[in-house]
Enquirer: 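Mind having a look at this structure? Questions to follow.
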Amino acid sequence: MEHEVFVPVSVPALLRTLGDPARVARCVPGLQQDADASASPLAGRLKLRAGGHTITYRGELRLTGPERDRFAVTGKGVEARGTGAVELALTIGLTAADGGTTIAYSGTADGDGRLVELEEGAALAAAHRLLDRFTQQLVTESLAAREEGDAGAEADADADVDDAVAAEGLAGDEEGAVGSGDEIRADDADGSAGDGPGSVYDSPVPPPSLDPVAGVEFTVPDEPPAEAAHARRTMIGRSAEEVDHAPPRGRYAPVPSPEAGGASTTLRWVAPAAALALASAVVLGRALRRRRP
């Protein structure tokens, strides 16, 4: 069996990935690693789908190399459900090309059981599909490793720059401290030589103030605060604007006109007089009816 694939990854990046068995295990599609921590990363169960059937093999792969940019892969496995077995011998060659690398797979596989019962060409097609998926994941792992390496290099460079800046800052601080100490000592020497002993006690001391509030300025605001103005309006009543724009109520309501009062008084007297006249007419009518023979 022979199979070639071109990938846009450099040969050194692929060599670093293939040299790490843990990363190679992540590249093998359908591989379920053993739970035992002491087992090899390439040991476990491998599911192979060929000709519409899924065959599970339990075994281990061994990876050796590199030798002149070539790796050798050997493996043995037995069917998890059955008595069949398979042996694999594969060679992975890396050749630098324009813009990437050409990966060449060549090897053989011998076995019995369900693999032999498949149709002609089904096993070969399954092997090519498995290698294509392995190559795709190999490229992903290689690019991820390169990005991690670049990030680590940038972090190391940043750390070196920070250390250099910190060292320069400490050196500058030490020099500044030494220079300021020399200047202070020189100033003290000049002051001592010029003033002589006792210059500290000869300086005038201002007398203490007897007024505890001396020097304190009191300011009276021109207008009362907003809280005081609101309270004053609440106690006095509504403002002029509220009176102008709101209907009057309470003591601010207008006094009714005299004409309206006179009309209501007249109406109060008219009703009893009409009732009295009506009653008198009724009594008079009855009296006239009695007098008639």
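None of these values were measured; they are calculated from a predicted model.
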Enquirer: Enumerate the residue pairs fulfilling side chain to side chain donor-acceptor pair (under 3.5 Å) with a member in residues 97-117, sequence neighbours excluded, ordered by first and then second residue.
Expert: Y105-T135
Enquirer: Using the test side-chain hydrogen bond (donor to acceptor under 3.5 Å, both in side chains), find all partners of S280 that sit at least two apart in sequence or belong to another chain.
Expert: none
Enquirer: Using the side chain to side chain donor-acceptor pair (under 3.5 Å) rule, collect all pairs that involve residues 76-93, keeping only residues at least two apart or in two chains.
Expert: none
Enquirer: What heavy-atom pair brings G44 and D34 nearest, and what distance separates the two atoms?
Expert: CA-OD1, 3.2 Å
Enquirer: Can you name the side-chain contact (heavy atoms from CB on, under 4.5 Å) partners of P21, sequence neighbours left out?
Expert: P41
Enquirer: Would a 4.5 Å heavy-atom cut-off, applied to side chains only, mark I55 and V86 as touching?
Expert: no
Enquirer: Between CG of L131 and CG of L138, what distance do you get to the nearest 0.5 Å?
Expert: 11.5 Å
Enquirer: Which value, rounded to the nearest 0.5 Å, describes the distance between I92 atom CD1 and L15 atom CG?
Expert: 11.0 Å
Enquirer: Check the hydrophobic clustering (I, L, V, M, F, W, Y; side-chain heavy atoms under 4.5 Å; chains of links allowed) and say if L90 and L48 are grouped together.
Expert: no
Enquirer: Write out all pairs satisfying side chain to side chain donor-acceptor pair (under 3.5 Å) with one or both partners inside residues 39-48, taking only residues at least two apart or from two chains.
Expert: none
Enquirer: Are side-chain heavy atoms of L14 and D69 found at a separation under 4.5 Å?
Expert: no
Enquirer: CG/L124 to CZ/R129 distance, rounded to the nearest 0.5 angstrom?
Expert: 10.5 Å
Enquirer: Supply the atom-to-atom distance L46 CG to L130 CG, rounded to the nearest 0.5 angstrom.
Expert: 6.5 Å
Enquirer: Is there any side chain to side chain donor-acceptor pair (under 3.5 Å) pair reaching into residues 52-67, and which pairs are they, with sequence neighbours excluded?
Expert: R49-T54
Enquirer: Only pairs at least two apart or in different chains count here, so list each ring-ring contact (aromatic ring centres under 6.0 Å, His included) that has a residue in residues 109-140.
Expert: H3-H128
Enquirer: Give every residue pair that meets the ring-ring contact (aromatic ring centres under 6.0 Å, His included) criterion with at least one member in residues 65-93, sequence neighbours excluded.
Expert: none
Enquirer: What about V5 and L18, same hydrophobic cluster or not, with Ile/Leu/Val/Met/Phe/Trp/Tyr joined at side-chain heavy-atom distances under 4.5 Å?
Expert: yes
Enquirer: Could you go through the side chain to side chain contact (heavy atoms under 4.5 Å, CB included) check for V73 and L42 one step at a time?
Expert: CA-CA 11 Å; V73 181; L42 294 174; over 6 Å; no
Enquirer: Scan the side chains in residues 24-32 for donor-acceptor partners under 3.5 Å anywhere in the protein, sequence neighbours excluded, and list what turns up.
Expert:
unit_1 : atom_1 : unit_2 : atom_2 : d
R26    : NE     : E141   : OE2    : 3.2
R26    : NH2    : E141   : OE1    : 3.3

Enquirer: Please report the shortest heavy-atom distance between A122 and L118, naming the atom on each side.
Expert: CB-CB, 4.3 Å
